[in-house]
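In this chain, residues are counted from 1 in sequence order. Keep in mind the model is a prediction, meaning the values are calculated, not measured.
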Amino acid sequence: MSSTRQDIEAEIYRIFREQFEIEDPGPDEDLREVHGFDSIDAIELLMEIEKLFQVEMDQETKKEALSYIRTINGICDYIEQVLPDAGAHVSRAANR
């Protein structure tokens, strides 16, 4: 796992702690089943991701993203797939 992936994961875990009060979910835990993470939470998560990466996703991208928001690994996979510069952006933001 590259440091880029680690940076993305660290930010996703931070968002879960700060915004959703979910402490350290397992990377493959089903967030919906284990933590009651619903579709409203998923939309809020997408807004946080947009802020973090300074991007704006169109409705189609957001709709597609909802199918990936089941596990931390799924979220990170999606971010790496859709936002290829995400890790570099997170690294720069963390160093400010």
Hey, can you tell me if Phe37 and Phe20 have their rings parallel, tilted or perpendicular (30° and 60° cut-offs)?
perpendicular
How many angstroms lie between CD in Glu11 and CD1 in Ile49, if you round to the nearest 0.5 Å?
11.0 Å
Electrostatic pair Arg5-Asp77, nearest N-O below 4.0 angstrom:
yes
Heavy atoms from other residues, nucleotides or ligands near CD of Glu21 exceed 12 (cutoff 6.0 Å):
no
In this structure, CD1 of Ile8 is separated from CZ of Phe53 (nearest 0.5 Å) by 5.0 Å
Count I, L, V, M, F, W, Y as connected when their side-chain heavy atoms are under 4.5 Å apart, and connections chain through other members. Are Tyr68 and Met47 then in the same cluster?
no
Can you tell me how far CG of Leu45 sits from CD1 of Ile15, rounded to the nearest 0.5 angstrom?
6.0 Å
To check you understand the geometry: which heavy-atom pair defines the closest contact between Ala65 and Leu46, and what is its length?
CB-CD2, 3.7 Å
Whether over 12 other heavy atoms sit under 6.0 Å from Glu23 CD
yes
Is there a side-chain contact between Arg17 and Asp24 in this structure, where contact means two heavy atoms from C-beta onward sitting under 4.5 Å apart?
yes
Considering non-hydrogen atoms only, spot the tightest contact between Leu66 and Ala42 and give its length.
CD2-CB, 3.6 Å
Look at Glu48 together with Lys51 and state whether they make a salt bridge at an N to O cut-off of under 4.0 Å.
yes
How many angstroms lie between CG in Asp38 and CD1 in Ile43, if you round to the nearest 0.5 Å?
9.0 Å
Whether the side chain of Tyr13 engages the backbone of Pro25 through a donor-acceptor N/O pair (distance < 3.5 Å, no angle test) should be reported.
yes
Can a donor-acceptor pair be found, under 3.5 Å and without considering hydrogens, that links the side chain of Glu50 to the backbone of Met57?
yes
Show your working on side chain to side chain contact (heavy atoms under 4.5 Å, CB included) between Asp41 and Phe16 and close with a plain yes or no.
CA-CA 10 Å; Asp41 293 326; Phe16 271 85; over 6 Å; no
For the student: nearest non-hydrogen atoms of Thr71 and Pro27, plus distance
CB-O, 3.4 Å
dist Glu44:CD -> Ser39:OG (nearest 0.5 Å) comes out at 10.0 Å
Single-linkage hydrophobic cluster Val55~Ile79, side-chain heavy atoms < 4.5 angstrom:
yes
One should read off an interatomic distance between Glu9 CD and Asn73 CG, to the nearest 0.5 angstrom, of 6.0 Å
How would you list, by chain and number, every residue that makes a salt bridge (Lys or Arg N to Asp or Glu O under 4.0 Å) with Asp28, sequence neighbours excluded?
none
I'd like to know if the side chain of Asp7 pairs up with that of Thr4 as donor and acceptor (distance under 3.5 Å, no hydrogens or angles considered).
no
